[in-house]
A.B. asks: 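Before we start, here is the structure in question, set down as structure tokens.
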There are 2 protein chains.
Amino acid sequence: MKIGELAKATGTQVETIRYYEREGLLPETSRTDGNYRIYGEAHAQRLSFIRHCRSLDMTLDEIRVLLRFKDAPTENCGEVNALLDEHIGHVAARIRELRSLERQLKGLRDLCQEAQDAAHCGILNELARQGSEGGSSAAGHVHGAHGRSVERKTMKDKRK
Amino acid sequence: MKIGELAKATGTQVETIRYYEREGLLPETSRTDGNYRIYGEAHAQRLSFIRHCRSLDMTLDEIRVLLRFKDAPTENCGEVNALLDEHIGHVAARIRELRSLERQLKGLRDLCQEAQDAAHCGILNELARQGSEGGSSAAGHVHGAHGRSVERKTMKDKRK
DNA sequence: AGAAACCCTGTAGCAACTAAAGAGTCAAGA
DNA sequence: TCTTGACTCTTTAGTTGCTACAGGGTTTCT
């Protein structure tokens, strides 16, 4: 099947499929004389695997690890368990952080019961207060299962 | 004070301060003869406001709205309340999604009680199952208060 | 004077896509 | 056969909020 068919079969964007091929998650496939990609069932299954992992908010690096085991059926899957445990830990941590953030935001919201002029808005005044930056250090602490700080961790290494 | 001092005073990276200036969040400031930026207390306060908002995971666009009200003390702050309500809604939604994700992941984790060869790993096999992609549509659904889909929403508009 | 710390601008990169430009291919219908 | 519209291709750029680096200038202190 052609790329559009594969996209439909797996609920994926055509562009995303090409992206996964560039990223090495999907092996390159044969082409027609007109240079169109031709996929078989194996590719469809692999893509479904990848999409399933993405739906669980795993990073592409995590997925690469899982694919490695998928491709090596005799390998011991202990690392798969560990990876999942770690990922679950990330999610739990993120939930805790978001809960904390929710409480802060609600507290802040309560400072302005009814609209008035901005100068007397309890929210704006609280935001302007020095030393009111919350418990954690600042931006990026409440994103996904993989916060931006985690994403950024590899930047230095990558440049090396 | 110079940029390094401002950075220390507000717990911000120097580069981030320059970034905020480029992004229009911080007004440009006067310079020394040697072209060093010179900041006063007003800038320090504004930056603290911004950082406080960031610590609450507000986007820079949201912060721009709040700054507009901060700069217009006679304006009615109803929109501030609405913005905060919406932001709180985003956080609540994200918490719900993460909890759902957590349940899914734990269910998946339970499929492999002890490490064995990958071919018989309940986790890998479940991930490979067709039609197992979870309730939501795929990637990007469980990130921060502002999911990746939200971030991406403005791409089309920006290109115009 | 020299060295170290600081500052500047411009550019690139991170993750995981997504969009657009410009061009080629294919299939169906006139 | 020709036309047209859908599909495909590659390449490049962009999203968010930073962060890092290159290369060079300025300031401070010894």
Side-chain angles (χ1 to χ4, degrees), chain A residues 1-8 12-25 28-29 31-39 50-51 53-55 57-64 137-160, chain B residues 1-8 12-25 28-29 31-39 50-51 53-55 57-64 137-160:
Chain A
M1 60 181 140
K2 280 176 293 187
I3 196 168
E5 293 162 274
L6 180 62
K8 278 208 194 62
T12 312
Q13 298 265 64
V14 165
E15 295 158 339
T16 307
I17 296 173
R18 290 199 201 101
Y19 171 70
Y20 288 158
E21 182 184 286
R22 287 201 301 278
E23 287 293 314
L25 292 174
E28 295 191 4
T29 191
R31 303 285 181 111
T32 64
D33 286 345
N35 205 29
Y36 283 21
R37 292 170 174 82
I38 295 289
Y39 296 102
I50 293 166
R51 298 307 287 169
C53 295
R54 284 298 301 137
S55 78
D57 204 38
M58 292 183 197
T59 64
L60 296 191
D61 272 347
E62 282 170 335
I63 296 167
R64 283 191 187 94
S137 62
H141 75 302
V142 281
H143 287 272
H146 300 285
R148 281 226 159 99
S149 55
V150 174
E151 291 171 0
R152 213 169 295 293
K153 186 154 58 167
T154 60
M155 190 186 288
K156 231 176 178 175
D157 296 339
K158 194 90 184 193
R159 287 169 175 277
K160 177 91 53 114
Chain B
M1 60 182 143
K2 280 176 291 187
I3 195 169
E5 293 162 272
L6 179 63
K8 280 209 193 61
T12 312
Q13 297 265 62
V14 164
E15 297 158 335
T16 306
I17 297 174
R18 290 200 200 99
Y19 171 69
Y20 287 158
E21 183 184 287
R22 285 201 303 280
E23 286 293 312
L25 292 172
E28 295 191 2
T29 190
R31 303 286 184 110
T32 64
D33 286 343
N35 205 29
Y36 282 22
R37 292 171 175 80
I38 294 289
Y39 296 103
I50 293 166
R51 299 308 286 173
C53 294
R54 283 299 301 140
S55 77
D57 203 38
M58 293 182 195
T59 64
L60 296 192
D61 272 347
E62 282 170 336
I63 295 167
R64 283 191 185 92
S137 62
H141 76 303
V142 282
H143 288 273
H146 301 283
R148 282 227 157 97
S149 57
V150 174
E151 293 171 356
R152 213 166 296 293
K153 187 155 55 168
T154 60
M155 189 186 287
K156 229 174 177 178
D157 296 339
K158 193 91 183 187
R159 289 173 178 277
K160 184 83 57 110

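Every chain is numbered from 1 and lettered A, B, ... according to where its sequence line falls, protein lines coming before strand lines.
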A.B. asks: Can you tell which of B:Leu60, B:Thr12, B:Val14 makes a side-chain contact (heavy atoms from CB on, under 4.5 Å) with B:Tyr19?
C.D. replies: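 That would be B:Leu60; it is the only one of B:Leu60, B:Thr12, B:Val14 passing the side-chain contact (heavy atoms from CB on, under 4.5 Å) with B:Tyr19.
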A.B. asks: Rounded to the nearest angstrom, tell me the gap between atom CD1 in A:Ile3 and atom P in D:dA6.
C.D. replies: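 Atom-to-atom, A:Ile3 to D:dA6, this comes out as 19 Å.
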A.B. asks: With a 4.5 Å heavy-atom cut-off, do A:Arg51 and A:Thr16 have their side chains touching?
C.D. replies: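 A side-chain contact exists here, since the closest heavy-atom pair is under 4.5 Å.
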A.B. asks: What's the closest nucleotide to the A:Asn35 side chain, out of C:dT9, D:dT10, C:dC17?
C.D. replies: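 Looking only at heavy atoms from C-beta outward on A:Asn35, the closest nucleotide is D:dT10.
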A.B. asks: Nearest whole Å is fine: how far is C:dC8 C1' from B:Glu28 CD?
C.D. replies: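 So the CD-C1' distance, B:Glu28 to C:dC8, works out to 13 Å.
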A.B. asks: Tell me whether the OP1 or OP2 atom of C:dA16 has a side-chain N or O from A:Arg22 closer than 4.0 Å.
C.D. replies: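 A:Arg22 to C:dA16 OP1/OP2: no side-chain N or O under 4.0 Å.
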A.B. asks: At 4.0 Å (heavy atoms only), tell me whether A:Arg37 reaches a base, stays on the sugar-phosphate, or touches nothing.
C.D. replies: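 Counting heavy atoms under 4.0 Å across all strands, the contact made by A:Arg37 is with sugar-phosphate only.
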A.B. asks: Looking only at heavy atoms, what is the nearest atom pair of B:Arg54 and B:Tyr20, with distance?
C.D. replies: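 Nearest heavy atoms, B:Arg54 then B:Tyr20: CG-OH, 3.6 Å.
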A.B. asks: Between B:Ile17 (CD1) and C:dC7 (P), how many Å, whole number?
C.D. replies: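 Atom-to-atom, B:Ile17 to C:dC7, this comes out as 9 Å.
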A.B. asks: Could you state the atom-to-atom distance from CE of B:Met1 to P of C:dC6 in whole Å?
C.D. replies: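 After rounding, the gap between these two atoms is 16 Å.
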A.B. asks: For A:Ile3 and A:Tyr39, run side-chain contact (heavy atoms from CB on, under 4.5 Å): C-alpha distance rounded to whole Å, both residues' side-chain angles, the deciding distance at 0.1 Å, then the answer.
C.D. replies: CA-CA 7 Å; A:Ile3 196 168; A:Tyr39 296 102; 4.0 Å; yes
A.B. asks: If only side-chain N and O atoms of B:Thr16 are considered, is one of them under 4.0 Å from the OP1 or OP2 phosphate oxygen of D:dT19?
C.D. replies: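 Checking B:Thr16 against D:dT19: at least one side-chain N or O falls below 4.0 Å of OP1 or OP2.
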A.B. asks: I'd like to know if A:Tyr36 reaches the base of D:dC7 with its side chain such that a donor and an acceptor end up less than 3.5 angstrom apart.
C.D. replies: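 Looking at the base of D:dC7, it does pair with a donor or acceptor on the side chain of A:Tyr36 (distance under 3.5 Å).
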A.B. asks: Nearest whole Å is fine: how far is D:dT8 P from A:Tyr39 OH?
C.D. replies: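 It is 10 Å, rounded to the nearest whole Å.
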A.B. asks: C:dT9 phosphate, OP1 or OP2: any side-chain N/O from B:Arg31 under 4.0 angstrom?
C.D. replies: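 For C:dT9, OP1/OP2 do have a side-chain N/O of B:Arg31 under 4.0 Å.
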A.B. asks: Quick one: on DNA chain D, does A:Lys8 or A:Glu21 contact a more 5' nucleotide (nearest heavy atom)?
C.D. replies: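 It is A:Lys8, whose closest nucleotide lies nearer the 5' terminus.
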A.B. asks: Can you tell me if B:Arg18 touches the phosphate of D:dT19, counting only side-chain N or O atoms and a distance under 4.0 Å to OP1 or OP2?
C.D. replies: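 Indeed not, no polar side-chain atom of B:Arg18 lies that close.
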A.B. asks: Can you tell me the distance, in whole Å, between the OH atom of B:Tyr19 and the P atom of D:dT16?
C.D. replies: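 Rounded to whole Å, this separation is 8 Å.
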A.B. asks: Any idea which heavy atoms bring A:Arg37 and A:Thr29 closest together, and the distance?
C.D. replies: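 So the minimum-distance heavy-atom pair works out to CB-CG2, 3.7 Å.
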A.B. asks: I want to check one thing: is the phosphate of C:dA19, taken as OP1 and OP2, less than 4.0 Å away from some side-chain N or O of A:Gln13?
C.D. replies: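 Yes.
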A.B. asks: Nearest-nucleotide wise, let me know which of A:Thr32 and B:Glu5 is further upstream toward the 5' end of DNA chain C.
C.D. replies: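 First, find each residue's nearest nucleotide; the 5'-ward one identifies B:Glu5.
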A.B. asks: Which atom pair, heavy atoms only, marks the closest approach of B:Met58 to B:Glu62?
C.D. replies: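 Smallest heavy-atom distance, with atoms named: CA-OE1, 3.2 Å.
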A.B. asks: Measure the distance from CD on B:Glu62 to C1' on D:dG17 and round it to the nearest whole Å.
C.D. replies: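 Interatomic distance, CD of B:Glu62 to C1' of D:dG17: 14 Å.
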A.B. asks: I'd like to know if B:Tyr20 reaches the base of D:dG17 with its side chain, counting only an N/O donor and acceptor under 3.5 Å.
C.D. replies: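 Looking at the base of D:dG17, it does not pair with any donor or acceptor on the side chain of B:Tyr20 (distance under 3.5 Å).
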A.B. asks: For B:Arg51 and D:dC18, is the shortest distance between a side-chain N/O and OP1 or OP2 below 4.0 Å?
C.D. replies: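 Checking D:dC18 against B:Arg51, a side-chain N or O does come within under 4.0 Å of OP1 or OP2.
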A.B. asks: Using the closest heavy atom to pick a nucleotide of DNA chain C for each, name whichever of B:Ile38 or A:Leu60 lands nearer the 5' end.
C.D. replies: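 Counting from the 5' end, the first nearest nucleotide belongs to B:Ile38.
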A.B. asks: Rounded to the nearest angstrom, tell me the gap between atom CG in A:Asp57 and atom P in C:dA16.
C.D. replies: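 In whole Å, C:dA16 P and A:Asp57 CG are 9 Å from each other.
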